[in-house]
Amino acid sequence: MTYNNSHNPTTLVLGGTGRRVAQRLTALGRPVRIGSRSGEPPFDWQDRATWPGLLEGVGSVYVSYYPDLAVPGAVETVGAFARLAVDRGVPRLVLLAGRGEPETELAEQAVCQSGAELTILRSTWFSQNFSEDYLLDPVLGGEVVLPAGDTPEPFVDADDIADVAVAALTRDGHIGELYELTGPRLLTFAQAVDEIAKATGREIRYVPVSIDEYAAAAASQGVPAEVVELLSYLFSEVLDGRNAHVTNGVQRALGRQPRDFADYARATAASGVWDLAIASGVQP
Ligand SMILES: NC(=O)c1ccc[n+]([C@@H]2O[C@H](COP(=O)([O-])OP(=O)(O)OC[C@H]3O[C@@H](n4cnc5c(N)ncnc54)[C@H](OP(=O)(O)O)[C@@H]3O)[C@@H](O)[C@H]2O)c1
């Protein structure tokens with residue numbers, strides 16, 4: 001594959017994984033604009049008036065919707081954004097989506113119908129949920145309580161997602177592709193937590209609970225109702241074994257194997273993010 005250097009337009013990047021994509025594009029000398037509610041000008045999925053300004057002078061967009069393409073309203077919102085982008089002369093979109101979610105596939109179709117030059121990254125659970133998202137506090141607390149049963153998932157590294165996104169944004173040959181992105185190995189949540197315990201040298205255990213117990217506990221801890229609803233959906237509907245197989249999406253897009261969860265756990269432990277003294281701000 002060759003770099004498409006015929007022009008060097010700005011890429012608008014959205015969402016948490018968008019930051020990783022932005023770092024990589026910047027390292028390649030590509031101009032980047034980050035879409036953020038605190039940006040100047042701001043970008044807000046819930047305020048369509050903020051969209052046109054961000055699309056000005058842009059040649060491609062990395063689209064990561066918040067909180068999830070499966071939530072009510074997402075299909076309309078992300079479809080409207082894609083149509084606006086194409087109307088404004090932005091040809092190239094790379095869409096991050098979830099794997100095995102029928103609602104999300106409707107959102108993919110809505111984006112596809114915009115006529116954009118589209119690449120879809122259909123991703124499984126991110127490894128980084130344990131270090132950068134809602135599972136970080138449970139890992140620090142030594143107990144990961146989830147309604148995940150013993151269904152295995154092929155956790156994928158967010159760095160691999162970003163690498164595929166950058167390939168799709170900068171190189172020829174990815175338009176029209178749908179990459180299903182997984183790691184190289186199936187792990188249950190219990191096995192994933194064991195890998196983290198091994199890497200940190202700390203005692204951390206996985207505690208399986210029912211969906212109802214999980215939802216009640218989350219609500220009592222002040223987790224917003226829509227987040228409880230989304231997590232309950234993901235843990236019940238999507239974690240039913242439908243995604244319990246690895247795919248070759250990373251290999252197909254990048255010509256290399258995806259990163260294993262154990263490598264993620266070792267590197268993340270070494271970064272100190274799971275170190276209790278560092279996390280609590282106490283000097284060792
Ligand atoms: N986590 C997983 O395991 C997983 C698996 C498969 C697919 N996915 C998909 O990945 C996507 C999210 O992943 P991600 O890591 O890229 O993003 P993310 O980390 O979930 O995105 C968080 C960022 O979104 C921004 N945000 C929040 N509300 C917003 C709004 N109303 N308008 C614009 N931006 C808003 C915030 O940035 P600012 O505060 O700067 O605005 C926030 O930092 C979802 O669509 C999800 O379905 C996730």
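We're numbering straight along the sequence, starting at 1. Scope of the values below: all heavy atoms of this structure, side chains included, with no hydrogens, waters or symmetry mates. Just so you know, ligand 1 is whichever comes first in the structure, and atom 1 is the first atom listed for that ligand. The structure displayed is predicted, hence computed values, not measured ones.
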So, [X] and [Y]: side-chain donor and acceptor under 3.5 Å apart, yes or no?
| X | Y | value |
| --- | --- | --- |
| Tyr233 | Glu103 | yes |
| Tyr264 | Ser131 | yes |
| Arg92 | Thr11 | no |
| Tyr62 | Thr17 | yes |

Validation row, ring centre Phe235 to ring centre Trp125 under 6.0 Å: yes
Phe81/Trp51 aromatic ring centres below 6.0 Å: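 Close enough - the centres of the two rings lie under 6.0 Å apart.
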So is there a nitrogen or oxygen of [X] less than 3.5 Å from a nitrogen or oxygen in ligand 1?
| X | value |
| --- | --- |
| Ser38 | no |
| Trp125 | no |
| Trp45 | yes |
| Ser123 | no |
| Leu14 | no |

Any atoms of ligand 1 less than 4.0 Å from a non-hydrogen atom of [X]? List them with their elements.
| X | result |
| --- | --- |
| Arg19 | 40 (O) |
| Phe43 | 33 (C) |
| Ser64 | 11 (C), 12 (C), 13 (O), 14 (P), 16 (O), 17 (O) |

Atom 43 (O) of ligand 1 protein-contacted (non-hydrogen atom, under 4.0 angstrom):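 Protein heavy atom within 4.0 Å of atom 43 (O) of ligand 1: absent.
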Proximity to ligand 1 by part of Ala97, non-hydrogen separation under 4.0 Å: backbone
Structural part of Ala158 in contact with ligand 1, heavy atom criterion under 4.0 angstrom: neither
Is the shortest distance from a heavy atom of [X] to ligand 1 less than 4.0 Å?
| X | result |
| --- | --- |
| Gly35 | no |
| Arg122 | no |
| Thr124 | yes |
| Pro42 | no |

Lys/Arg-Asp/Glu bridge criterion (N-O < 4.0 Å) met for [X], [Y]:
| X | Y | answer |
| --- | --- | --- |
| Arg266 | Glu195 | no |
| Asp47 | Arg37 | no |
| Arg252 | Glu177 | yes |
| Asp260 | Arg185 | yes |
| Arg20 | Asp157 | no |

Heavy-atom proximity to atom 1 (N) of ligand 1, best of Asn129, Thr50, Val78, Leu230: Asn129
Proximity winner for atom 20 (O) of ligand 1, if only heavy atoms of Phe126, Tyr66, Tyr65 are counted: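 Answer by nearest heavy atom: Tyr66.
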Crowding at CD, Glu229 (>12 non-hydrogen neighbours, <6.0 Å): no
Nearest protein heavy-atom contact for [atom]: which residue, which atom, what distance?
| atom | result |
| --- | --- |
| atom 40 (O) of ligand 1 | Ser36 OG, 2.6 Å |
| atom 47 (O) of ligand 1 | Asp68 OD2, 2.9 Å |
| atom 17 (O) of ligand 1 | Gly16 N, 2.9 Å |
| atom 10 (O) of ligand 1 | Leu96 CD2, 3.2 Å |
| atom 15 (O) of ligand 1 | Thr17 N, 3.4 Å |
| atom 31 (N) of ligand 1 | Asp44 OD1, 2.9 Å |
| atom 39 (O) of ligand 1 | Arg37 NH2, 2.7 Å |

Atom of Ala97, atom of Ile120 and distance for their closest heavy-atom approach: CB-CG2, 4.5 Å
Evaluation steps, side-chain contact (heavy atoms from CB on, under 4.5 Å), between Leu230 and Val71: CA-CA 7 Å; Leu230 173 61; Val71 305; 4.1 Å; yes
